[in-house]
Amino acid sequence: MKKSAYFILYLLFCFCIPISTWSQVKSSQEGPFPQLIIRGVTLINGDGSPPRGPIDIVIENNIITAIEVVGYPGVAISDANRPKLKKGGKELNAEGMYLLPGFIDMHGHIGGVAQGADWDYVFKLWMAHGITTVREPSGRGVEWSLNLKRKSAANEIIAPRLFIYTGFGQGSKKPISTAEMAREWVRNNAKKGADGVKFFGAEPEIMKAALDENKKLGLRSACHHAQLSVARWNVLNSARAGLTSMEHWYGLPEALFHDRTVQNYPLDYNYQNEQNRFEEAGKLWKQAAKPYSDHWNQVMNELLNLDFTIDPTFNIYEASRDLHRARRAEWHEDYTLPSLWRFYQPSKISHGSYWHDWGTEQEIEWKENYGLWMTFINEYKNRGGRVTAGSDSGFIFQLYGFAFIRELELLREAGFHPLEVIRSATLNGAEALGAEDKIGSVQIGKLADFILIEENPLKNLKVLYGTGAIRLTKENEVVRVGGVKYTIKDGIIYDAKALLKEVKLMVSEARKKEGFKLLQPGIKE
């Protein structure tokens, strides 16, 4: 045996990589380059403007330096006036492809210990779906997350750029019980380098102090208005105190109450029983003021005046209105880890696994809930409000990357034009993060974060799924089309389909190791 062969076997042994896995995984990235020219694309910008092309886009050292219209649809492109490639540059022929700004997931948890999902698995699923920026709204700890943020910024790992919002009170030696303790925690969080704070609610004087201090420091904020505090502190209270964005919808119906002050809880309700919690949550929007009523309009107008951002995360509750659909999503077969699948199963312990006795009646309530919720969000957008796209994956049968694309479909269901959907997923997120000068749209001077895809996502958002969309050819053959072809972040070209193959191999090896077979809840072999 040659020395080179021995060396390869040595590497395989040292890194515990199965030979079958090693032979199938190929390099999934190229660059960065001093100059990168992407040739002949149709540009779908994130600013709401219509598609146009063919266009050549020039990037130099990760900065967009030129966006040149180089012809007309259906007409051969003349090379005479196209941007010239410099020595050492890279040319990417993308004729016939569509280019979008990199997606921004405004609610992305970097895996989870309970889910058994580590950062490498999560990041590759995100990047494979064109997600180049993620806001993490609390996670395993600010130091852990900031370490990954530094590695991502240096492109030492395959990862989206990260904005870290620490969970309020996380890392504190004592529960925060005074306004001054709240201010001190916020100051320390800023010193550590966090980008903002994620709140879940607290005593009014504590929320007011923390938000005020955070605003003084110029940091941004998000809040999941948990039901334990929302009766005295809803979305309007937060927005008035300086909160910059809300997540989900908790706290919004409560701000819209006009004939009550608390949710109509059954008298045997127990918040720790998640079947109770989510079943009753599905009845909440019906208890709010009716759409377009005086109070409904008053609340919306105040939030608009405060330049408040709403990140609805429609997808994460979709199993509540159609459990069968969520648990049978086709990507689970190849891309969901055994540990994550177990976490999703009915449980009285795992968060979001509230399928103790979930049926038709609960789903009907949730479908009506969605109708009212979507009406508010669509009208908020129509009146100039900022709506972003977030997934909250890793819970309730929602898988990283795939769930973000589902969120885009649900924004479309809510009434958004496909161009408005893309804007929510790109420029709106950048504005909410205070990073619109760097990312969110394709403009000269911005960073090179892009998605390249061979299908038109405006005609069918499903082509953005890693598993693609189903199509029938003229020859009556069923084929899969789409899936992101290239994700470009910081001018580095990532083969999105190769990243998905790597994830598929991770999952395959984990299943082989455990002898795991994916079975639906309650099914025995």
Side-chain angles (χ1 to χ4, degrees), residues 104-115 119 122 133-149 160-172 175-176 181-204 206-230 233-235 237-239 241-252 308-313 316-317 351-352 386 388-395 400 404 407 429 432-435:
I104 299 172
D105 190 335
M106 289 291 286
H107 194 127
H109 296 290
I110 306 172
V113 175
Q115 292 94 327
W119 58 267
V122 174
T133 300
V134 171
R135 178 179 73 172
E136 186 192 39
S138 81
R140 302 187 196 188
V142 65
E143 289 85 3
W144 185 84
S145 296
L146 286 174
N147 181 48
L148 290 172
K149 177 181 176 174
R161 66 183 73 253
L162 299 171
F163 287 77
I164 308 303
Y165 283 31
T166 316
F168 180 59
Q170 193 171 28
S172 178
I176 296 174
M181 287 176 71
R183 289 182 184 276
E184 183 181 1
W185 183 92
V186 170
R187 289 192 291 267
N188 287 335
N189 183 55
K191 286 177 185 176
K192 289 177 181 177
D195 299 293
V197 183
K198 161 70 176 287
F199 293 92
F200 291 90
E203 292 295 300
I206 291 174
M207 287 291 290
K208 193 176 294 183
L211 284 165
D212 179 65
E213 194 69 26
N214 199 59
K215 187 176 180 180
K216 285 179 181 177
L217 294 169
L219 297 187
R220 307 213 170 208
S221 48
C223 188
H224 168 156
H225 291 80
Q227 288 153 297
L228 296 178
S229 300
V230 76
W233 189 273
N234 61 42
V235 169
N237 300 112
S238 291
L243 185 75
T244 59
S245 68
M246 65 165 284
E247 296 172 328
H248 314 313
W249 49 267
Y250 306 107
L252 186 50
F308 192 67
T309 298
I310 300 179
D311 187 47
T313 67
I316 195 59
Y317 302 105
H351 175 51
R386 186 183 302 108
T388 58
S391 65
D392 196 13
S393 304
F395 304 93
Y400 311 94
F404 184 83
E407 183 69 11
L433 292 168

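Of the N and O atoms on the side chains of T313 and D392, not one donor lies less than 3.5 Å from an acceptor on the other residue. Side chains of D105 and S391: a donor on one and an acceptor on the other come within 3.5 Å.
Interatomic distance, CD1 of I206 versus CH2 of W233, reported as 11.0 Å (0.5 Å rounding). Atoms CZ and OG1, on R386 and T309 in that order, are 4.0 Å from each other to the nearest 0.5 Å. The structure places CG of L252 at 13.5 Å from CD of E247, a figure rounded to the nearest 0.5 Å. Note: L146 CG to D195 CG = 7.5 Å, rounded to the nearest 0.5 Å. Interatomic distance, K198 NZ to H107 NE2, rounded to the nearest 0.5 Å: 4.5 Å.
Between L243 and N237 the shortest side-chain heavy-atom distance does not fall below 4.5 Å. A heavy-atom distance below 4.5 Å is found between the side chains of I104 and L433. Taking 4.5 Å as the limit, every side-chain heavy atom of L228 sits out of range of all side-chain heavy atoms of F200. With contacts defined as side-chain heavy-atom distances shorter than 4.5 Å, the pair M207/F199 qualifies. For the pair T388/I310, no side-chain contact is recorded, criterion being any heavy-atom separation below 4.5 Å from C-beta on.
In terms of the salt bridge (Lys or Arg N to Asp or Glu O under 4.0 Å) criterion, residue partners of R140 (sequence neighbours excluded) are, by chain and number, D118. With sequence neighbours left out, the side-chain contact (heavy atoms from CB on, under 4.5 Å) criterion links E136 to I110, S145, I164.
Formation of a donor-acceptor pair under 3.5 Å by the E407 side chain with backbone atoms of A389 is not found in this model. W249 contributes no side-chain N or O that, together with a main-chain N or O of D311, makes up a donor-acceptor pair within less than 3.5 Å.
Both tests hold for K149 against F163: distance to the six-membered ring centre under 6.0 Å, angle to the ring axis within 45°. Figure legend: R135 and Y165 shown as a cation-pi pair, the cationic atom lying under 6.0 angstrom from the six-membered ring centre and within 45 degrees of its axis.
The aromatic rings of H351 and F395 lie perpendicular to each other, with more than 60° between the two planes, well past the 30° mark.
Across G394 and Q115, no two heavy atoms sit closer than the pair O-NE2, 3.1 Å. The nearest pair of heavy atoms linking K215 to G242 is CD-CA, 4.3 Å. V134 approaches P160 most closely through the heavy-atom pair CG2-CG, 3.8 Å. Residues A182 and A209 approach most closely at CB-CB, 4.5 Å, considering heavy atoms.
In this structure, Y317 has its ring center under 6.0 Å from that of H248.
Exactly one of N189, V197, V186 qualifies for a side-chain contact (heavy atoms from CB on, under 4.5 Å) with E213. That residue is V186.
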Walk me through whether T166 and W185 qualify under side chain to side chain contact (heavy atoms under 4.5 Å, CB included).
CA-CA 11 Å; T166 316; W185 183 92; 3.9 Å; yes

Go through the steps to decide whether H109 and S138 satisfy the test side chain to side chain contact (heavy atoms under 4.5 Å, CB included), and finish with yes or no.
CA-CA 7 Å; H109 296 290; S138 81; 4.1 Å; yes

Verdict with reasoning, F168 to I176, per side chain to side chain contact (heavy atoms under 4.5 Å, CB included)
CA-CA 9 Å; F168 180 59; I176 296 174; 3.8 Å; yes

With a 3.5 Å cut-off and sequence neighbours excluded, list the donor-acceptor pairs that the side chains of residues 216-226 form with protein atoms.
unit_1 : atom_1 : unit_2 : atom_2 : d
K216   : NZ     : D212   : OD2    : 3.4
R220   : NH1    : E431   : O      : 3.3
R220   : NH1    : A432   : O      : 3.3
S221   : OG     : T244   : N      : 3.1
H225   : NE2    : S238   : OG     : 2.7

